[in-house]
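Report on the structure given below.
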Amino acid sequence: MKDWKSIYQERLVSVAEAVAHIKSGDRVSVAHVGSEPFALLEEMVRQKERYRGVSLYFLLSLGDAGYMVPGMEEHIRFHGIFLGGSTRKGVAEGRGEYLPCYFHQYPEMLRARGGLDVLLISVTPPDKHGYCSMGMGIDHLPELKDDAKIVIAQVNPSLPRVMGNSFIHVSEIDYLVEADRPIPELSPAKITEVERKIGQYCASLVKDGDTLQLGIGGIPDAVVTFLTEKEDLGLHTEMAADGVVDLIKAGNINNKRKKINKGKSIATFAAGTRKLYDFLDDNPAFELHPVQYVNHPNIISQNDNVVSINSCIQVDLMGQANAEVVKGMQFSGVGGQVDFIRGANMSKGGRAIMALPSTAAKGTISKIVPFLDHGAVVTTGRAEINYVVTEYGIAQLWGKTLRERAKELIAIAHPDFREELKEEYARRFHEKLR
Ligand code: COA
């Protein structure tokens with residue numbers, strides 16, 4: 001084989017040349033979050049007239065998604081298993097597609113839909129051996145880089161060199177484009193008082209030695225602020241966010257008691273601020289691995305005492321959770337919620353927590369409801385959640401009858417909505433609650 005430096009030079013092209021290799025009808029998958037190859041995507045949008053019917057498979061964009069602009073869908077059509085602020089409206093208007101899928105099955109699902117023609121990634125400049133890190137959105141990349149007919153990489157010196165199964169050799173890339181772009185940041189929102197209370201209740205369910213999965217948003221951010229007295233925690237999570245950095249630095253998370261990936265914090269992607277990106281850069285204690293490993297319930301459950309903390313839009317009186325649909329509209333996606341709840345359930349001593357504020361829309365809507373909304377979906381089934389936590393306390397559901405569950409959930413609903421929930425309880429169970 002030629003030395004990697006010659007390969008690099010031979011395959012180095014302009015962004016216009018690289019993107020010109022994409023053809024009408026191609027299935028194109030793109031790295032996401034901080035690894036989003038903005039230079040390549042922007043060029044695709046610029047060259048849109050060259051394409052018809054390109055399917056763009058994408059997860060979470062931190063950019064402004066020019067491919068979602070009305071009229072673009074004939075050229076480049078978004079397909080996602082998770083919707084965010086930049087893609088939700090387009091899908092609701094019929095200009096893109098939502099695919100229900102457990103995140104750990106994403107690579108397999110892409111194969112079932114015919115596999116990939118093109119993979120677009122961001123990479124760090126190569127190391128002395130010719131290996132580039134694919135940065136922060138790893139999930140399906142290590143699995144599918146070998147399947148794609150063409151791999152195009154934006155070489156971005158600003159991308160953190162994240163460790164784990166996150167490397168690709170220059171010889172595996174067909175076209176390289178050099179473009180230094182700042183990495184978009186996802187700033188944590190200010191933790192509200194309600195989130196602080198929920199975080200405190202969740203943290204009370206965490207014991208020394210537990211391995212944690214923490215999602216994104218105010219609640220996980222609040223949970224971590226209450227874990228500073230815990231010892232020997234482990235981290236095996238879908239998404240790494242800023243919140244865990246201080247816990248790792250302070251030694252609360254040391255991954256010592258893990259059964260697998262001992263001594264390492266594990267995630268499949270990372271999104272946060274510069275604080276997180278600097279921490280992940282060249283850090284052998286934090287690894288990103290493929291999603292079919294990190295999110296597979298069989299892998300998650302190999303650690304003991306796994307605690308998963310997730311959130312949802314609403315939960316009914318039986319404990320079914322809708323985490324995806326708001327007012328009949330696909331809002332987000334299944335993501336890794338079910339993967340981790342199942343993994344936590346299967347883990348020896350594991351606990352699956354669903355944590356949510358008791359109300360939405362400035363207190364006008366109860367998130368604990370007699371029935372899920374018309375058009376809502378059950379993301380997580382009633383037999384899978386161990387605890388539901390709101391700012392009013394902890395409902396323990398596992399091992400409880402329907403009657404007991406309803407009672408537990410009404411006790412943590414917002415007081416303004418308890419009466420109507422009690423009316424439903426009386427109708428359903430022929431018993432009046434005081
Ligand atoms: N009825 C009506 N609207 C509701 C609602 C309800 N029951 N619950 C929430 N909303 C609205 C909120 O008011 C908010 O609207 P706004 O954006 O106009 O302010 C919006 O829906 C989002 O609610 P919020 O509570 O801010 O959501 P979040 O950021 O905490 O995320 C989920 C909650 C469920 C969307 C998110 O956890 C998710 O996507 N989960 C599925 C995937 C997953 O769990 N992955 C885990 C691994 S990371």
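One-based numbering, in listed order, for ligands and for the atoms of each.
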Does V334 reach ligand 1, in the sense of a heavy atom lying below 4.0 Å from it?
yes
Heavy atom to atom 41 (C) of ligand 1, shortest distance: which of S311, G335, G333 holds it?
G333
Is ligand 1 under 4.0 Å from a heavy atom in the side chain of I219, in the backbone, in both, or in neither?
neither
Checking R95 against Y67: charged group under 6.0 Å from the ring centre and within 45 degrees of the axis?
no
Taking N or O atoms only and a 3.5 Å limit, does K327 qualify as a polar contact for ligand 1?
no
I'd like to check the side-chain contact (heavy atoms from CB on, under 4.5 Å) partners of P100; sequence neighbours left out, ordered by chain and number.
Y98
Pairs of nitrogen or oxygen atoms closer than 3.5 Å, one from D373 and one from ligand 1: do any exist?
no
Might you check, step by step, whether the distance between atom 13 (O) of ligand 1 and some protein heavy atom is under 4.0 Å?
yes
Flag this pair as yes if the NZ/CZ of R88 is under 6.0 angstrom from the six-membered ring centre of F331 and inside a 45 degree cone about the axis; otherwise no.
yes
Salt bridge check: are R405 and E408 linked by an N-O gap of less than 4.0 Å?
no
Do N255 and S265 have a side chain donor and acceptor closer than 3.5 Å?
yes
So, is I313 polar-close to ligand 1, with some N/O to N/O distance under 3.5 Å?
yes
Under the 4.0 Å line, does any protein heavy atom show up next to atom 4 (C) of ligand 1?
yes
Kindly write out the residues that satisfy side-chain hydrogen bond (donor to acceptor under 3.5 Å, both in side chains) with E229, not counting sequence neighbours, or none if the list is empty.
none
Does Q337, backbone or side chain, put an N or O under 3.5 Å from an N or O of ligand 1?
yes
Looking at D339 and H296, would you say the former's side chain and the latter's main chain have a donor-acceptor pair under 3.5 Å?
no
